Amino acid sequence: MNIGALEEHYKLELAPLYESDEAKTLFSLAAEQVLALSPGILMIQKDADVSFINMQKFLSILNDLQIGKPIQHILEEAHFYGLVFKVNENVLIPRPETEELVEWIISVCSSQFSVNSFAPPKKLSLLDIGTGSGCIPITLKKHLPNIRVATLDVSADAIAVAKQNARQIGVDINFINADILTFQSEEKFDIIVSNPPYIRYLEKIEMHNNVLLHEPHLALFVSDENPLIFYKAIADFAKTNLKSNGQLFFEINEHLGKETVDMLNDKGFINIELRKDMQGKDRMVRAEI
């Protein structure tokens with residue numbers, strides 16, 4: 001079978017789960033790993049035959065896709081802000097909207113704090129809460145090397161993945177294995193950022209099975225009764241652990257923008273800004289202390 005025929009086979013077999021364009025993208029990602037072909041080269045190699053060994057690899061990936069396993073977990077990697085991160089069942093797959101949060105922080109640091117790769121070293125410090133794959137703290141450290149970065153997660157398994165990503169990408173980060181609901185520290189930070197669990201159980205009906213069955217619920221869900229539990233705890237931590245004029249950044253539940261802003265107002269934060277993501281949904285908040 002040649003590459004073109006195999007791509008059509010993917011589209012046919014994945015039709016119950018994915019639109020044709022999505023299936024084509026999945027095949028392209030599989031081909032990039034199995035054949036080391038970029039999407040551009042793949043387009044002009046459709047007549048090339050696939051070896052028996054590589055065919056078995058393609059079919060194994062297809063079988064995993066058919067049971068709803070995310071392609072990032074199958075390939076054990078995900079792309080985020082131009083970097084490649086190792087991912088597995090212990091961490092959430094990085095999302096495009098989180099790239100927007102990172103872009104916002106980089107912009108603020110480069111302008112308000114006058115921090116960039118070319119400026120003299122600054123003694124700024126940043127704490128990320130909810131490490132996961134490490135996509136937020138590692139990307140920020142990569143693009144803002146003069147900032148001291150620490151990151152905290154309750155999951156030792158997630159931290160193990162993030163440490164591997166930090167070594168692979170070549171950044172130095174302080175990892176803390178702790179629960180933010182009980183964590184205390186005397187250290188002060190210029191910036192605190194978090195993308196904590198924020199999906200209410202009542203919203204599970206809106207989610208795809210490939211997320212529900214294959215991504216860690218610890219990093220996804222909060223109770224319907226207290227959906228802002230982590231935001232409240234992080235805000236309280238920020239009140240005592242942010243430096244003067246320090247900044248707090250959140251990724252948020254699109255349905256709880258007003259509630260998040262009101263909570264921050266009630267806790268005495270100022271200059272609160274709510275931003276929408278590329279899809280027009282309330283997704284990010286910045287506040288100052």
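On a predicted model such as this, the values are computed, not experimentally measured, just so you know.
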Please determine whether side-chain contact (heavy atoms from CB on, under 4.5 Å) holds for the pair V50 and M1, giving the CA-CA distance in whole Å, both sets of side-chain angles, and the decisive distance to 0.1 Å.
CA-CA 6 Å; V50 179; M1 183 180 290; 5.7 Å; no
Gap between atom [atom2] of [Y] and atom [atom1] of [X] - 0.5 Å precision:
| X | Y | atom1 | atom2 | value |
| --- | --- | --- | --- | --- |
| L101 | I106 | CG | CD1 | 10.0 Å |
| H143 | S110 | NE2 | OG | 10.5 Å |
| R286 | I191 | CZ | CD1 | 9.5 Å |
| T151 | I138 | OG1 | CD1 | 8.0 Å |
| N54 | Q33 | CG | CD | 11.0 Å |
| E251 | D282 | CD | CG | 12.0 Å |

What's the shortest heavy-atom distance between [X] and [Y], and which atoms?
| X | Y | value |
| --- | --- | --- |
| P196 | F230 | CB-CB, 3.8 Å |
| G68 | L17 | N-CD1, 4.5 Å |
| M263 | A235 | SD-CB, 3.9 Å |
| F249 | V108 | CZ-CG2, 4.0 Å |
| E288 | N271 | OE1-ND2, 3.2 Å |
| L37 | I3 | CD1-CD1, 4.1 Å |

With a 4.5 Å limit on heavy-atom distance, are the side chains of [X] and [Y] in contact?
| X | Y | result |
| --- | --- | --- |
| K232 | K267 | yes |
| Y18 | T25 | no |
| P96 | D277 | no |
| I289 | L248 | no |
| D128 | V149 | no |
| F189 | R148 | no |
| D190 | Q247 | no |
| L140 | V102 | yes |

Counting only heavy atoms not in [X], do more than 12 sit closer than 6.0 Å to its [atom1] atom?
| X | atom1 | value |
| --- | --- | --- |
| E103 | CD | yes |
| I270 | CD1 | yes |
| K24 | NZ | no |
| K86 | NZ | yes |
| M55 | CE | yes |

Show me, pair by pair, the donor-acceptor contacts under 3.5 angstrom made by side chains of residues 171-185, not counting sequence neighbours?
{"from": "N177", "atom 1": "ND2", "to": "D153", "atom 2": "O", "distance (Å)": "3.0"}
{"from": "N177", "atom 1": "ND2", "to": "V154", "atom 2": "O", "distance (Å)": "3.2"}
{"from": "D179", "atom 1": "OD1", "to": "L181", "atom 2": "N", "distance (Å)": "3.0"}
{"from": "T182", "atom 1": "OG1", "to": "D179", "atom 2": "O", "distance (Å)": "3.3"}
{"from": "S185", "atom 1": "OG", "to": "E187", "atom 2": "N", "distance (Å)": "3.0"}

Look only at the side chain of [X] and the backbone of [Y], and say whether a donor-acceptor pair between them is shorter than 3.5 Å.
| X | Y | value |
| --- | --- | --- |
| S133 | A162 | no |
| T260 | L228 | no |
| Q168 | V84 | yes |
| R275 | V285 | no |
| T139 | I136 | no |
| K11 | L6 | no |

Hey, quick one: are L12 and L26 part of the same hydrophobic cluster, counting side-chain heavy atoms closer than 4.5 Å, chains of contacts allowed?
no
Should L59 and L35 be regarded as members of a common hydrophobic cluster, given that ILVMFWY residues are connected when their side-chain heavy atoms come within less than 4.5 Å of each other, either directly or indirectly?
yes
Under the side-chain contact (heavy atoms from CB on, under 4.5 Å) criterion, do L14 and L62 qualify, and how do the steps go?
CA-CA 8 Å; L14 294 175; L62 178 59; 3.7 Å; yes
Decide yes or no on side-chain contact (heavy atoms from CB on, under 4.5 Å) for L75 and E32, but give the supporting numbers first.
CA-CA 10 Å; L75 304 181; E32 191 168 0; over 6 Å; no
Could you label the plane-to-plane angle of the F27 and Y10 rings as parallel, tilted or perpendicular, counting under 30° as parallel and over 60° as perpendicular?
perpendicular
V34 vs I61, test: side-chain contact (heavy atoms from CB on, under 4.5 Å). Steps then yes/no.
CA-CA 10 Å; V34 175; I61 293 171; 3.8 Å; yes
